[in-house]
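Have a look at the structure below before the remarks.
The residues of the chain are indexed from 1 along the displayed sequence. In this text the structure is predicted, and so the values were computed from the model without any measurement. Atom set for the values below is all heavy atoms of this structure, side chains included, hydrogens, waters and symmetry mates excluded.
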Amino acid sequence: MAEALEEANSGLSRTLKDLFAGAVGGVAQVLIGQPFDIVKVRLQTTTQYKGALDGATQILKNEGAAAFYKGTLTPLIGIGACVSVQFGAFNYARRAFEARNASHSPLSAPKPLTYTQYYAAGAFAGVANTLLSSPIEHIRIRLQTQPHGAGRLYAGPLDCIRQLSRSPNIPLGLYRGTAVTLLREAQAYGFWFLTFEYLMQSDVARNKITRKEVPTWKIAFYGGLAGEALWISSYPFDMVKSKMQTDGLKAGEQRYKSMRDAFAQTYRQEGLGGFWRGIGPTLLRALPVSAGTFATVELVMRMIT
């Protein structure tokens, strides 16, 4: 009984540490990546810019430097929670796989996780994250793409939530695009965690060191590469998500009837290239954002464990 209680307390403690480290990593992620993200969303949802550099230049010229952090309050709070859930869910699934592997080899050292299991744990983290990320990203995209100045549609995040929730209702308004978000999250975070763990474990094995001995610059570098893998594996889903979450909300104003219709229309009108518009600034953003996230989480975990 005492051993079971101690194990439960230990598991809770590990989970809380995972959640805290993830939240700190999420704040770092937003502060680093928000300027890149607004350019990406504008390129995905409008054709008024020739490219990433032109988009950034026009935003700066017409809306000022503060526009690059338009809609930041929602992701600053929300993405911190999302990254917290991602790392908490990933490590929970990882420990479950470790326990399963140990139960299958009771007389020998437990087998390490396979890369398929790492992908599955990452996909589980993405699925768990969808309930939060879908409305948070919807609100952020609406705020990022609304007209500047007197033509603003939303007074702020709360006003945006209120309008989306009643247009026409919460599932079809605030949570519009959730199906494609679920697909994107599972694929993206499966590859994100898989890539990072593969690179970290390869370094540990190659140099015969412990994980805590991997230098910070390497953690950041591996994290940056994981960010590239995340977006290359999931960008078409993200493209369709952005289109659906900037679409009209009322029946007569909607361009896309469903996720399937959004995929079909994009392919019909823009070809395969239409699913990759804006990938340049996205990959550019992914390097520092993902590097900062993993480096922050690893350093925080080293400090609190």
Side-chain angles (χ1 to χ4, degrees), residues 26 29 33 36-47 52 75 78-79 82-83 85-86 89-90 116 118-142 144-145 164 171-196 225-247 254-287 289-290 293:
Q29 183 180 116
F36 295 95
D37 191 68
I38 194 169
V39 174
K40 181 204 78 168
V41 170
R42 295 285 183 91
L43 287 173
Q44 287 181 332
T45 57
T46 181
T47 57
I79 299 302
C82 285
V83 179
V85 169
Q86 289 161 18
F90 170 76
T116 300
Y118 274 120
Y119 174 84
F124 172 76
V127 170
N129 182 53
T130 301
L131 189 65
L132 284 174
S133 66
S134 181
I136 288 168
E137 292 199 13
H138 192 183
I139 295 161
R140 178 174 64 177
I141 285 175
R142 293 284 177 182
Q144 286 176 336
T145 57
L164 292 178
L172 297 177
L174 186 62
Y175 274 88
R176 180 166 170 77
T178 295
V180 72
T181 302
L182 182 68
L183 294 175
R184 185 202 68 171
E185 298 287 81
Q187 175 78 338
Y189 290 106
F191 274 96
W192 196 48
F193 283 108
L194 167 62
T195 302
F196 181 73
L225 293 179
E228 301 297 277
L230 180 155
W231 284 110
I232 290 171
S233 67
S234 65
Y235 196 79
F237 293 117
D238 187 72
M239 186 72 182
V240 169
K241 181 188 76 69
S242 292
K243 286 177 177 288
M244 292 188 69
Q245 292 185 334
T246 53
D247 196 12
Q254 284 183 2
R255 182 178 176 185
Y256 307 110
K257 298 176 183 177
S258 64
M259 173 183 70
R260 187 183 216 173
D261 183 48
F263 270 105
Q265 286 198 46
T266 300
Y267 179 72
R268 197 163 51 241
Q269 295 164 11
E270 305 175 54
L272 290 175
F275 294 105
W276 298 96
R277 187 147 48 90
I279 187 66
T282 301
L283 293 178
L284 183 65
R285 167 188 180 271
L287 276 170
V289 168
S290 187
T293 302

**OP:** Go through Y175 and L164 one step at a time and tell me if the side chain to side chain contact (heavy atoms under 4.5 Å, CB included) criterion holds.
**Re:** CA-CA 9 Å; Y175 274 88; L164 292 178; over 6 Å; no

**OP:** Output, in order, the C-alpha distance, side-chain angles, deciding distance and verdict of side chain to side chain contact (heavy atoms under 4.5 Å, CB included) for F275 and V240.
**Re:** CA-CA 8 Å; F275 294 105; V240 169; 4.0 Å; yes

**OP:** Give the intermediate values and the outcome of ring pair (Phe, Tyr, Trp, His ring centres under 6.0 Å) for residues Y118 and F196.
**Re:** CA-CA 10 Å; Y118 274 120; F196 181 73; over 10 Å; no

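Ring planes of F193 and F90: parallel class, angle under 30° (limits at 30 and 60°).
The main-chain N or O of T130 is never found under 3.5 Å from a side-chain atom of S134 such that the two would form a donor-acceptor pair. Proximity of a side-chain donor or acceptor of S290 to a complementary backbone N or O of L287 within less than 3.5 Å is not detected. In this structure a side-chain-to-backbone donor-acceptor pair under 3.5 Å is missing from Y267 to G274. Counting only distance, with no hydrogens or angles, the side chain of H138 and the backbone of G173 share a donor-acceptor pair below 3.5 Å. Remark: side-chain polar atoms of Q245 are paired, donor with acceptor, to backbone N or O of R176 under 3.5 angstrom.
Residues S133 and E185 have side chains that bring a donor and an acceptor to within less than 3.5 angstrom of each other. Q187 and Y235 share no side-chain donor-acceptor pair at under 3.5 Å.
Across R255 and D261, no two heavy atoms sit closer than the pair O-OD2, 3.7 Å. In terms of heavy atoms, S233 sits closest to A188 at OG-CA, 4.1 Å. Annotation for N129 and Q86: closest pair ND2-NE2, 3.2 Å, computed over non-hydrogen atoms. The nearest pair of heavy atoms linking K241 to R184 is CE-NH1, 3.2 Å. Y256 and D247 get closest at one heavy-atom pair: N-OD2, 2.9 Å. Considering every non-hydrogen atom in both S234 and L230, the closest pair reads OG-O, 2.7 Å.
Taken from CD1 in I136 to CD1 in I141, the straight-line distance is 12.0 Å, to the nearest 0.5 Å. One finds the CE atom of M259 at 7.5 Å from the CE atom of M244 (value rounded to the nearest 0.5 Å). Remark: L284 CG to W231 CH2 distance equals 13.5 Å, nearest 0.5 Å. Interatomic distance, CG of L132 versus OG1 of T181, reported as 12.0 Å (0.5 Å rounding). Note that the OG1 atom of T246 and the CZ atom of R42 stand 11.5 Å from one another [nearest 0.5 Å]. Rounded to the nearest 0.5 angstrom, F263 CZ and F237 CZ are separated by 5.0 Å.
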